[in-house]
*Asks:* 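Dumping the structure here so I can ask a few things about it.
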Amino acid sequence: MLEFMGNMRRTHYCGTLRKTNEGEEVTVCGFVQRQRNLGQLIFVDVRDRTGIVQLSFDDTTEKSIFEKANATRSEFVVIAKGIVKIRSSINKEIPTGEIEIAVNEYKILSTAETPPFEIVENSNVKEELRCKYRYLDLRRPDLQRNIIMRHKIAKVTRDYFDENGFIEIETPMLIKSTPEGARDYLVPSRLYHGECYALPQSPQIYKQLLMVSGFDKYMQIARCFRDEDLRADRQPEFTQIDLEMSFVDTEDVLAVGEGYIKRLFKEILDVDVKLPLPRMTFADAMNFYGSDKPDLRFDMKITDLSDIVKDSGFGVFKGAIENGGSVRAICAKDAVDTYTRKNIDRLTESAKGIGAKGLAWVRLTDEGIASSFAKFISEDEMNAIIARCEAEKGDVIVIVADKDKVTLPTLGALRLEMANKLDIIPKDEYNLVWITEMPFFEYNDETDSWDAMHHPFTAPLDECIQYLESDPAKVKAKAYDLVMNGTEMSSGSIRITNPDLQKKMFNALGLSEQEAQEKFGFLTDAFKYGAPPHGGMGIGLDRLCMIMLKCESLRDVVAFPKMQNARDLMSESPAVCDEQQIKDLGIKFEE
RNA sequence: GGCCCGGUAGUUCAGUUGGUUAGAACGCUAGCCUGUCACGCUAGAGGUCACGAGUUCGAGUCUCGUUCGGGUCGCCA
């Protein structure tokens, strides 16, 4: 039954045929979506990446061809030549629904076993199965569309940066491990036993060196690797749109980033993005949304109640404030039916999971105020809380009392959890915001020292340099994140090029001159030979695709993703290697 | 590493308080059918109830462990 293509060649993609093609002899090929056999009349739907077209076989069809059509099953690979005809009954559901191909030459190029799941749009098959048979999952029209859109996004990206004078340069995959930040994937060296390459977490150092080399504007669609645990929006290998520019300050980089976003949204989604994009300081993001990546598609701001309850009779509130913490709240509108006692208990469990000791709450029901702490505080205080939260009948207020380090992230997480449950997040909106004035250092309780919140080449704001040694908490960075619908989409900064300042930075981070030289010497050495001021950013291509295409997971926009345990169920990697390979590398595994 | 959710036919699911031979839909196979397009009709095949132990007269159902998958916290400069 199987045949070779012979001289048959495709003239059209299936989904492109229309009634304007009537009478033409065309050849299409693809996978069989479905065969409908009516006895003396057979229809075969053929699918390729552009869509589906119907083939028809009847009593005018040559007998041997009719028999092949009869034997055709789903997912067979076929090629068919025939005349485009207007259908006697039109299918309005599909773009090719007005025509069909009356076949006069037909070959089955490959048969197919019944696939483990149907190749249809919007299938809700288990993740496990989809990933094991990823090549079949990728046949599904929605995934095909996503992957093709990703290609278009990459194309617009290259066009935009090319038109703006950027040069695409590849940087190495096998590099030196710089033990900062995320865990590196290591590649043992065969030639030098005991030594390793690392896969890049980002092309950071190389792109800065390219500025020293005078390329002035660089971009790359770069593969990056981080050996950390996965999330719906985190894969161990991912792609960044990486860029760096010389002779610029923050505003110049943001302007390029904004121009890119505007162009991309227009070309890909025909959405007009208004520029300049809104900005929010890191401090405001934390104080009002409890997150450095606030989802601003809905309101529900965090409110500070500390001054109202500081003298209240409720020990939990009073105690938190006396310990230098705060009492803060969020108010969910029309939530009283959703957040029954039972659901508030569940919410309390989530809050505890995040680090809060508990949750205080107020429910404004038709029957009056119900609250977990009403008996401990005065009526005036309760009224003040309700007024401050701008709460009305039907609303639910949840309150966390603790150190800011607990109250803010907890309420930030509850805000998202409640908004999801209440279904108040507008799904068709794209909300973009720059987060600016990022803090420079982060206090590490365990080591009792200050850690860099960014890589150590990030420049401080000019006016903050004076506090570098005296008051690290006050220092803010020339760093900026672009947040889209509550997902960190991009992160960048202006870099330090002044050797004295760089020395101070290493010093403030507790890095000795020798350590700094060992880790980053080739960069600081490079700066000695003339370093233009420069800065840039990295934009997460996978996340960008995920959000623009309204997907829930990166797995919907990455062709061959890893599972949550970092495995690939299809190829079954990672896997045990050949003994000789391991021996060549001079390494040994512990039992 | 912690927490939460899940695993029943090829697929998606139902399965009552622990009680006879574990069901449905779709898919698959065969037959019939000249205008279907989620074709229709008829018949049929298809199950280690994830795996292992335990409780019980009796376990898909209860308990414990393991495993696989999802979400999340830690982690992700």
*Asks:* Which value, in whole Å, describes the distance between the P atoms of nucleotides B:rA22 and B:rC26?
*Replies:*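 Looking at atom P only, B:rA22 and B:rC26 are 22 Å apart.
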*Asks:* Determine the Euclidean distance between corresponding C1' atoms of B:rC41 and B:rC5; express it in Å to zero decimal places.
*Replies:*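 Straight-line distance between the two C1' atoms is 43 Å.
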*Asks:* Heavy-atom nearest nucleotide on RNA chain B for A:I354 versus A:Q54: which residue maps closer to 5'?
*Replies:*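 This one resolves to A:Q54.
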*Asks:* Could you check which of B:rC76, B:rU12, B:rG71 has an atom nearest any side-chain atom of A:Q564?
*Replies:*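 The answer is B:rG71, which lies nearest to the side chain.
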*Asks:* A:D45 side chain: which of B:rG35, B:rG7, B:rC37 is closest?
*Replies:*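 Closest of the options to the side chain of A:D45: B:rC37.
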*Asks:* Side chain of A:L569 only, heavy atoms from C-beta on: which candidate in B:rG69, B:rG70, B:rC37 is closest?
*Replies:*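 Looking only at heavy atoms from C-beta outward on A:L569, the closest nucleotide is B:rG69.
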*Asks:* Can you tell me how far P of B:rU12 sits from CG of A:N122, to the nearest Å?
*Replies:*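 That distance rounds to 15 Å.
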*Asks:* I need the CG-P distance between A:D292 and B:rC76, as an integer number of Å.
*Replies:*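 In whole Å, B:rC76 P and A:D292 CG are 13 Å from each other.
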*Asks:* Looking only at side-chain atoms of A:M563, point me to the closest of B:rC26, B:rU29, B:rG69.
*Replies:*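 Taking heavy atoms from C-beta onward, the closest nucleotide is B:rG69.
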*Asks:* Determine the interatomic distance between P on B:rA77 and the same-named atom on B:rG2; round to the nearest Å.
*Replies:*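 It comes out at 24 Å once rounded to the nearest Å.
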*Asks:* Please determine whether a side-chain nitrogen or oxygen atom of A:K126 lies at a distance below 4.0 Å from atom OP1 or OP2 of B:rU12.
*Replies:*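 So the side chain of A:K126 is within the cut-off, an N or O lying under 4.0 Å from OP1 or OP2 of B:rU12.
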*Asks:* B:rA77, OP1 or OP2 - any side-chain N/O from A:R183 closer than 4.0 Å?
*Replies:*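 No, outside the criterion.
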*Asks:* How many Å lie between CD on A:E128 and P on B:rG70, as a whole number?
*Replies:*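 Nearest whole value for this atom pair: 8 Å.
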*Asks:* With C1' as the reference atom in both, quote the distance from B:rG60 to B:rC49 in angstrom, rounded to an integer.
*Replies:*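 B:rG60 and B:rC49 have their C1' atoms separated by 5 Å.
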*Asks:* Partner lookup for B:rA30, please. Criteria are Watson-Crick or G-U wobble with both distances under 3.5 angstrom; report none if nothing qualifies.
*Replies:*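 Pairing partner, where one exists within any strand: B:rU42.
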*Asks:* Tell me the interatomic distance from A:Q35, atom CD, to B:rA30, atom P, rounded to whole angstroms.
*Replies:*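 Rounded to the whole Å, the gap is 10 Å.
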*Asks:* Would you indicate which nucleotide in B:rA77, B:rG35, B:rU11 comes nearest to any side-chain atom of A:S202?
*Replies:*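 My answer, after comparing the listed nucleotides, is B:rA77.
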*Asks:* Quote, to the nearest angstrom, the C1' distance that separates B:rG69 from B:rU8.
*Replies:*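 Pairwise C1' distance, B:rG69 against B:rU8, rounds to 16 Å.
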*Asks:* Within the structure provided, determine whether A:M211 and A:R495 are in side-chain contact (heavy-atom separation under 4.5 Å).
*Replies:*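 No, side chains not in contact.
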*Asks:* Under 4.0 Å from OP1 or OP2 of B:rA38: is there any side-chain N or O of A:R36 that close?
*Replies:*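 Checking B:rA38 against A:R36, no side-chain N or O comes under 4.0 Å of OP1 or OP2.
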*Asks:* Between B:rG27 and B:rC39, how far apart are the P atoms? Round to whole Å, please.
*Replies:*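 Comparing P positions in B:rC39 and B:rG27 gives a spacing of 7 Å.
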*Asks:* Is the distance between the ring centroids of A:F238 and A:F225 less than 6.0 Å?
*Replies:*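 No - the distance between ring centres of A:F238 and A:F225 does not fall below the 6.0 Å cut-off.
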*Asks:* Between A:R34 and A:V44, is there a side-chain heavy-atom distance shorter than 4.5 Å?
*Replies:*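 No - every pair of side-chain heavy atoms lies 4.5 Å or more apart.
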*Asks:* For the CG atom of A:L482 and the OG atom of A:S490, what is their distance to the nearest 0.5 Å?
*Replies:*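 The distance works out to 5.5 Å.
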*Asks:* With heavy atoms under 4.0 Å as the rule, sort A:R34 into base, sugar-phosphate or nothing.
*Replies:*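 The residue A:R34 makes sugar-phosphate contact but no base contact.
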*Asks:* Among B:rA30, B:rC75, B:rC33, which nucleotide sits nearest the side chain of A:R73?
*Replies:*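 Nearest listed nucleotide: B:rA30.
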*Asks:* Measure the distance from CG on A:N565 to P on B:rU72 and round it to the nearest whole Å.
*Replies:*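 My rounded result for the distance is 15 Å.
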*Asks:* Is there a donor-acceptor contact under 3.5 Å linking the side chains of A:Q514 and A:S512?
*Replies:*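 Checked: A:Q514/A:S512 side chains show no N/O donor-acceptor pair below 3.5 Å.
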*Asks:* Just checking A:N91: base, sugar-phosphate only, or nothing, at a heavy-atom cut-off of under 4.0 Å?
*Replies:*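 Base, at least one base heavy atom under 4.0 Å.
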*Asks:* Do we see A:F117 stacking on the base of B:rU11, given a limit of 5.5 Å between centres and 30° between planes?
*Replies:*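 Per 5.5 Å and 30° rule: no stacking.
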*Asks:* Let me know, please, whether A:L38 or A:R543 comes out on the 5' side of the other along RNA chain B by nearest nucleotide.
*Replies:*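 Closest to the 5' end, via its nearest nucleotide, is A:L38.
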*Asks:* Using atom CD1 of A:I119 as one end and atom P of B:rG10 as the other, report the distance to the nearest whole Å.
*Replies:*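 It works out to 17 Å between those atoms.
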*Asks:* Which whole number of Å gives the distance between the C1' atom of B:rG15 and that of B:rU72?
*Replies:*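 To the nearest whole Å, 31 Å.
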*Asks:* Rounded to whole angstrom, note down the C1' distance from B:rA25 over to B:rC32.
*Replies:*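 23 Å, rounded to whole Å.
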*Asks:* Taking only the side-chain nitrogens and oxygens of A:T458, find out if one of them lies under 4.0 Å from OP1 or OP2 of B:rA77.
*Replies:*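 Looking at the OP1 and OP2 atoms of B:rA77, neither is under 4.0 Å from any side-chain N or O of A:T458.
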*Asks:* Can you find a side chain N or O atom of A:R555 that sits less than 4.0 Å from OP1 or OP2 on B:rG71?
*Replies:*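 Answer is yes, contact under 4.0 Å.
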*Asks:* For A:E100, which contact category applies under a 4.0 Å heavy-atom criterion: base, sugar-phosphate, or nothing?
*Replies:*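 Since a base atom lies under 4.0 Å of A:E100, the category is base.
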*Asks:* Hey, do the aromatic rings of A:Y106 and A:F66 have their centres closer than 6.0 Å?
*Replies:*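 Ring centroids of A:Y106 and A:F66 are no less than 6.0 Å from each other.
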*Asks:* Is B:rU16 paired to anything, Watson-Crick or G-U wobble with both distances less than 3.5 Å, and if yes, which nucleotide?
*Replies:*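 For B:rU16, the partner nucleotide comes out as none, under the 3.5 Å rule.
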*Asks:* Please determine, for the side chain of A:E118, which listed nucleotide (B:rG69, B:rA38, B:rG27) has the closest atom?
*Replies:*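 Of the candidates, B:rG27 comes closest.
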*Asks:* May I ask you to say what A:I52 touches in the nucleic acid, namely base, sugar-phosphate or nothing, with a heavy-atom cut-off under 4.0 Å?
*Replies:*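 It contacts nothing in the nucleic acid.
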*Asks:* Consider salt bridge (charged side-chain N to carboxylate O under 4.0 Å, His left out). Of A:R140, A:R145, A:R139, which one does A:E121 pass it with?
*Replies:*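 The salt bridge (charged side-chain N to carboxylate O under 4.0 Å, His left out) with A:E121 is passed solely by A:R145 among A:R140, A:R145, A:R139.
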*Asks:* Looking at A:R130, I'd like to know whether one of its side-chain N or O atoms comes within less than 4.0 Å of OP1 or OP2 on B:rU11.
*Replies:*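 Result: no.
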*Asks:* Under a 3.5 Å cutoff, is there a donor and acceptor pairing between the side chains of A:R543 and A:T487?
*Replies:*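 No, no side-chain donor-acceptor pair sits under 3.5 Å.
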*Asks:* Give the nucleotide from the list B:rC33, B:rC68, B:rC28 with an atom nearest to the side chain of A:S74.
*Replies:*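 So the side chain of A:S74 is nearest to B:rC28.
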*Asks:* Can you check whether A:R226 has a side-chain N or O nearer than 4.0 Å to OP1 or OP2 of B:rA77?
*Replies:*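 Indeed, a polar side-chain atom of A:R226 lies that close.
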*Asks:* Could you let me know what B:rA50 is paired to, Watson-Crick or G-U wobble, both distances under 3.5 Å, or none if it's on its own?
*Replies:*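 Base partner found: B:rU66.
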*Asks:* Could you state the NZ-C1' distance from A:K92 to B:rU36, rounded to the nearest angstrom?
*Replies:*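 Checked: the NZ to C1' distance equals 16 Å.
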*Asks:* Rounded to whole angstroms, how far apart are CD on A:E552 and C1' on B:rU72?
*Replies:*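 Distance check: A:E552 CD to B:rU72 C1' gives 15 Å.
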*Asks:* Quick one: which of B:rG70, B:rA77, B:rC26 gets closest to the side chain of A:H454?
*Replies:*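 The answer is B:rA77.
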*Asks:* Under 3.5 Å, is there any donor-acceptor pair linking the side chain of A:E127 to the base of B:rG7?
*Replies:*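 Absent.
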*Asks:* Quick one: is A:R234 getting a side-chain N or O under 4.0 Å of the B:rU72 phosphate, OP1 or OP2?
*Replies:*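 No.
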*Asks:* Less than 6.0 angstrom from the centroid, inside 45 degrees of the normal: does A:K207 satisfy that with respect to the ring of A:Y218?
*Replies:*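 No.
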*Asks:* Any side-chain N or O of A:K293 below 4.0 angstrom from OP1/OP2 of B:rC76?
*Replies:*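 So the side-chain polar atoms of A:K293 never come under 4.0 Å of the phosphate oxygens OP1 or OP2 of B:rC76.
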*Asks:* With distance as the sole criterion, do the side chain of A:S89 and the base of B:rC37 form a donor-acceptor contact below 3.5 Å?
*Replies:*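 Yes.
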